[in-house]
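Worksheet: one structure, shown below.
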Amino acid sequence: MPDLTAGMLIAAGLLAASVLASKAASRFGVPALLLFLAIGMAAGSEGVGGITFVDAGLTQSIGIIALAFILFSGGLDTKWSDVRPVLGAGISLATIAILVSAFVIGLAAHLLLDFPLIGGVLLGAIVSSTDAAAVFSVLRSRGVNLGGQVRPLIELESGSNDPMAVFLTIALIERFVNPEAPLSGFALSFVLQMTVGAIVGILAGKIAVWLLNAIRLEYDGLYPVLTLAIVLATYAAATGLRGNGFLAVYVAGIVAGNERFIHRRSVMRFHDGIAWLMQIAMFLALGLLVFPSELASVAGLGLTIALVATFVARPLSVFIALAFSRFDWREKLFISWAGLRGAVPIILATFAMTAQLRGSITVFNIVFFSVIISVLMQGATIPLAARVLRVTAVAPQHDPALHRRLESDLLAIDLAAGSPAIGRQLVELSLPVETLVLLVYREDSFFAPTGSTLLEADDRLMVFTDKVSVDEVREILQGTSKAL
């Protein structure tokens with residue numbers, strides 16, 4: 001029991017310190033992940049905390065679970081209408097750019113650092129993934145508003161390039177273990193993983209929406225719990241079918257996030273909180289795993305890789321991947337500079353450690369050091385780069401959604417016998433986006449409805465909607481657009 005109590009106190013202290021660190025990060029424009037890593041390192045065996053933690057396998061497992069929830073949350077927040085125009089460019093960045101970046105870094109590691117070529121390409125694959133969460137935390141803290149389609153493209157790339165980086169890393173590790181394996185098998189495996197992952201993700205997203213709307217739980221708090229099960233099942237199903245689990249959960253999030261389902265807002269807020277918890281847990285574990293004294297010996301190697309990745313591999317890969325896109329050279333340069341490294345490269349480095357590849361600890365330390373350099377160098381200058389390259393937009397002086405609400409009506413609508421809404425849940429009615437059912441009057445009393453509220457005959461609904469949607473609302477609730 002004393003060990004459990006001490007563990008709980010330590011966990012509480014680390015979580016509280018991380019939350020407070022996020023506040024400081026927002027105030028000073030520093031990516032929060034850097035401070036989370038620093039807290040983990042400070043709590044580790046060579047820090048003031050003195051916690052001994054050397055389990056790369058456990059860290060990898062924590063990272064995989066955390067990434068699944070982070071990607072699902074990112075998918076939920078992705079508006080299909082925003083990313084659809086940049087879908088082709090995003091896929092190109094998530095595939096072609098990853099390949100180009102991995103091989104350029106690998107060639108540099110081979111020529112400059114005497115790495116074997118395949119080992120250098122493995123290192124390149126590990127550090128090729130980018131982290132949008134770090135980018136946007138800096139942009140939000142500095143009040144930088146990106147113009148055009150730059151922002152949705154960066155969001156789409158960062159959410160979709162992790163599966164490619166994971167696949168390439170695992171494929172190269174397998175190549176190390178089995179040098180005689182034919183390369184054609186890797187190409188087939190890639191097509192299979194991405195296809196199965198996408199299909200499972202689409203199906204899982206549709207099933208999630210159907211379940212949330214069809215099942216009638218007694219307690220509203222159980223709906224977010226159901227989505228936790230859906231995320232885990234989606235990743236497991238895709239992986240079990242030899243698909244890419246990370247792509248599956250990201251696609252499932254996008255599909256579900258662009259549909260109407262019960263308790264939508266509370267579910268999305270819940271997953272936003274889970275995503276933050278997963279980020280903190282992941283970064284703390286990675287910080288605990290590293291030995292700061294070992295970083296000094298790889299400082300030169302890590303700095304070289306970081307500089308090559310930032311100033312050579314990333315720009316070259318972006319310009320090649322977006323060669324036929326409509327983005328101009330300024331936008332391409334900013335997209336290149338916004339390619340911050342985050343937790344994914346460090347987690348991928350643990351794959352080499354768990355495979356017990358020769359030099360894997362050195363690779364882990366190089367990756368860790370290069371990520372820190374990337375965050376410090378790019379994270380601190382992203383707002384400046386946005387202004388210099390003129391990719392910023394003037395923030396709107398008013399909220400269009402708020403303007404529409406000011407031109408709204410408050411309606412009292414009675415559900416007479418024969419109304420098409422009787423016997424259905426609110427969430428099933430597909431009311432216009434700007435419409436809110438504020439109150440229901442039933443049996444001489446008012447109550448605030450939820451998405452699962454089942455409408456009955458003789459209910460009176462107090463409905464708030466914009467003027468252009470009044471007729472549509474009446475048609476849905478009464479089967480008529482005539483005034484009462």
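Scope of the values below: all heavy atoms of this structure, side chains included, with no hydrogens, waters or symmetry mates.
The side-chain heavy atoms of H271 and V231, taken from C-beta on, include a pair separated by under 4.5 Å. Contact annotation: the side chain of I126 never approaches that of F351 to less than 4.5 Å [non-hydrogen atoms, C-beta and beyond]. Counting heavy atoms from C-beta outward, I382 and L340 have side chains that approach closer than 4.5 Å. Contact of the W329 side chain with the L333 side chain is registered, since non-hydrogen atoms from C-beta on lie closer than 4.5 Å. The closest side-chain heavy-atom distance from I230 to L226 is below 4.5 Å. For the pair L15 and L277, the minimum side-chain heavy-atom distance is below 4.5 Å. Counting heavy atoms from C-beta outward, F36 and M282 have side chains that stay 4.5 Å or more apart.
Remark: the backbone N or O of A208 is not paired with any side-chain donor or acceptor of N213 at under 3.5 angstrom. The main-chain N or O of V391 is never found under 3.5 Å from a side-chain atom of E331 such that the two would form a donor-acceptor pair. Using modelled atom types, one side-chain atom of N258 and one backbone atom of I254 make a donor-acceptor pair closer than 3.5 Å. Listed for the R314 side chain is no donor-acceptor partner under 3.5 Å among the backbone atoms of A309. Looking only at distances, a side-chain donor or acceptor of T310 sits under 3.5 Å from a matching main-chain atom of A306. A side-chain donor-acceptor contact under 3.5 Å links S22 to the backbone of V19. A donor-acceptor contact shorter than 3.5 Å links the side chain of K332 to the backbone of L322. The backbone N or O of E259 lies less than 3.5 Å from a partner atom in the side chain of R264, making a donor-acceptor pair. For the pair S92 (side chain) and G88 (backbone), a donor-acceptor distance under 3.5 Å is absent. A donor-acceptor pair under 3.5 Å is absent between the side-chain atoms of S374 and the main chain of S370, judged by distance alone.
Residues F311 and W337 place their aromatic rings such that the two centres sit under 6.0 Å apart. For Y235 and F246, the distance between ring centers is under 6.0 angstrom.
In this structure, a donor-acceptor pair under 3.5 Å is present between the side chains of T130 and N161.
Using a cutoff of 4.0 Å between basic side-chain nitrogens and carboxylate oxygens, R151 and E157 are not scored as salt-bridged.
Within 6.0 Å of CG on L113 lie more than 12 heavy atoms contributed by other residues, nucleotides or ligands. Sparse packing is recorded around CZ of F103, with 12 or fewer heavy atoms of other residues, nucleotides or ligands lying under 6.0 Å away.
Listed here is the closest heavy atom pair of A198 and L247: N-CD2, 3.9 Å.
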